[in-house]
Amino acid sequence: MITTSGLTKVYRSRGREVTALDGVDLHVREGEVYGVIGQSGAGKSSLIRCVNLLERPTAGTVTVAGQDLTALAGRGPRAGKELRQARSRIGMVFQHFNLLSTRTVQDNVELPLEILGRSGKERSAKALELLDLVGLADKAKSYPAQLSGGQKQRVGIARALAGDPKVLLSDEATSALDPETTRSILQLLRDLNRQLGLTVLLITHEMDVVKSICDSAALMEAGRIVESGTVSELLATPGSELAAALFPVTGERSAEDRTVLDVTFQGEAATQPVISQLSRTYNIDISILGAAIDTVGGLQVGRMRIELPGRYEDNVVPVGFLREQGLQIDVVEGTEPIKEGAR
Ligand SMILES: Nc1ncnc2c1ncn2[C@@H]1O[C@H](COP(=O)(O)OP(=O)(O)OP(=O)(O)O)[C@@H](O)[C@H]1O
Ligand SMILES: [Mg+2]
């Protein structure tokens with residue numbers, strides 16, 4: 001639904017150059033909620049602004065719903081109308097809502113429809129329908145200043161939906177909100193995703209946002225995507241930073257000469273019988289340092305941190321046994337095998 005390839009953005013100001021995006025290949029499937037997470041300055045906002053061509057990419061292409069937006073933008077003023085139309089099929093939700101304070105809630109939602117040249121009657125019907133959808137039917141005549149943060153963001157979402165978009169982009173939509181309100185806004189985005197079949201690309205620096213509503217996620221660092229995939233793929237990737245952050249499990253090793261392993265399972269698989277089987281087969285005492293079961297991206301995930309006696313070299317066979325049972329095994333740092341060449 002959204003594909004970027006080799007997307008690059010270099011800002012030039014007063015002789016200085018900043019490479020905010022450094023060849024980003026992103027692929028968001030139709031109907032999914034896709035989260036991009038990264039630290040401040042990683043290039044997240046630049047990415048989302050390039051996806052809807054609010055910012056002109058320096059190089060690379062952006063395709064949304066089969067349409068190459070970068071090609072449209074490159075064709076000069078006459079393609080402007082086409083680009084505006086394509087853009088109206090992409091809704092955008094902002095961190096600070098960006099509502100016009102002198103307009104009522106309804107008039108704020110009508111704004112994109114005015115730009116598209118729709119009649120007054122059509123605009124008003126659509127705005128009221130959308131306000132109802134986001135749970136603000138009774139606030140149509142209020143002004144933004146009379147609303148709470150969460151209500152303002154609902155207006156922002158209703159406005160983003162005015163052009164019947166296929167795609168919704170959200171840049172830190174919940175980071176100005178308290179945790180309770182954040183949950184309700186995320187739930188609303190999830191509901192819209194399901195009800196309207198809306199594809200959602202959201203940017204956040206909060207892992208909890210990814211955890212609660214994303215089907216897929218990407219980690220951005222210094223203008224590049226360093227990890228990406230469905231939640232399930234990430235959890236199955238050895239050493240995935242995103243998986244560890246999405247699903248943390250803690251527990252300290254009890255002594256130097258121990259091997260600590262994180263065992264991850266998804267869906268049906270059960271760890272407990274495998275662990276006791278391991279213990280019996282190899283006659284070793286296994287301690288459980290920590291364990292958790294949670295739902296990530298709608299998927300049941302369990303993780304257990306276990307400790308085996310002896311160093312990693314002594315445990316190659318038991319580790320192999322666990323992997324053969326289809327469990328994801330990550331060796332926790334400090335007990336990793338010594339890399340060849342490193343002394
Ligand atoms: N208009 C601009 N002109 C020059 N440099 C810019 C501009 N916008 C962003 N940058 C720079 O590009 C880099 C990426 O910025 P961007 O806003 O995309 O990061 P971000 O991941 O959204 O960060 P945050 O989490 O703080 O919002 C930063 O180094 C930033 O200073
Ligand atoms: Mg940003």
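Keep in mind the model is a prediction, meaning the values are calculated, not measured.
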Student: Does a side-chain N-to-carboxylate-O contact under 4.0 Å join Asp215 and Arg29?
Tutor: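 Not counted as a salt bridge, because no side-chain N and carboxylate O are separated by less than 4.0 Å.
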
Student: Donor-acceptor pair, distance only, cut-off 3.5 Å: does the side chain of Lys44 make one with the backbone of Gly38?
Tutor: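 The answer is yes, because a donor-acceptor pair under 3.5 Å joins these two groups.
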
Student: How close do Tyr34 and Ser228 get, counting heavy atoms only, and between which atoms?
Tutor: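 Heavy-atom minimum between the residues: OH-CB, 3.6 Å.
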
Student: Are side-chain N/O atoms of Glu227 and Thr237 paired as donor and acceptor at under 3.5 Å?
Tutor: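 Absent: no donor and acceptor within the cut-off.
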
Student: Rounded to the nearest 0.5 Å, what's the gap from CG on Leu177 to CZ on Phe97? Could you check?
Tutor: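 Between Leu177 CG and Phe97 CZ, I get 5.0 Å after rounding to 0.5 Å.
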
Student: Quick one: closest heavy-atom pair of Asp68 and Ala71, and the distance?
Tutor: OD1-N, 3.1 Å

Student: Under 3.5 Å, is there a donor-acceptor pair linking the side chains of Asp171 and Ser45?
Tutor: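 Indeed, the side chains of Asp171 and Ser45 share at least one donor-acceptor pair under 3.5 Å.
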
Student: State the CG-CE distance between Asp262 and Met304, to the nearest 0.5 angstrom.
Tutor: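 Spacing of CG (Asp262) from CE (Met304) equals 11.0 Å.
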
Student: Looking only at the side chains, is there a donor atom on one of Thr8 and Thr58 sitting less than 3.5 Å from an acceptor on the other?
Tutor: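 No, no side-chain donor-acceptor contact under 3.5 Å.
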
Student: Can you measure from CG (Leu242) to NZ (Lys211) and round to the nearest 0.5 angstrom?
Tutor: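 Reported to 0.5 Å precision, the distance equals 12.5 Å.
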
Student: Give the intermediate values and the outcome of side-chain contact (heavy atoms from CB on, under 4.5 Å) for residues Thr259 and Asp314.
Tutor: CA-CA 9 Å; Thr259 302; Asp314 309 322; over 6 Å; no

Student: State, with a plain yes or no, whether a side-chain heavy atom of Leu246 is found less than 4.5 Å away from one of Val301.
Tutor: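 Side chain of Leu246 against side chain of Val301, heavy atoms only: no contact under 4.5 Å found.
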
Student: Mind checking the CD1-OG1 spacing from Ile2 to Thr199? Nearest 0.5 Å is all I need.
Tutor: 6.5 Å

Student: For Gly163, is there any backbone N or O sitting under 3.5 Å from a side-chain donor or acceptor partner on Ser88?
Tutor: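 No.
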
Student: Quick check for you: to the nearest 0.5 Å, what is the distance between Thr182 atom OG1 and Glu206 atom CD?
Tutor: 6.0 Å

Student: To the nearest 0.5 Å, how far apart are CD in Gln95 and CD in Glu172?
Tutor: 5.5 Å

Student: Taking all atoms of both residues into account, what is the closest heavy-atom pair of Leu234 and Ala243, and its distance?
Tutor: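 Distance-wise, the nearest heavy atoms are O-CB, 3.4 Å.
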
Student: Just to verify, which of Asp107, Val105, Asn108 counts as forming a side-chain contact (heavy atoms from CB on, under 4.5 Å) with Leu99?
Tutor: Asn108

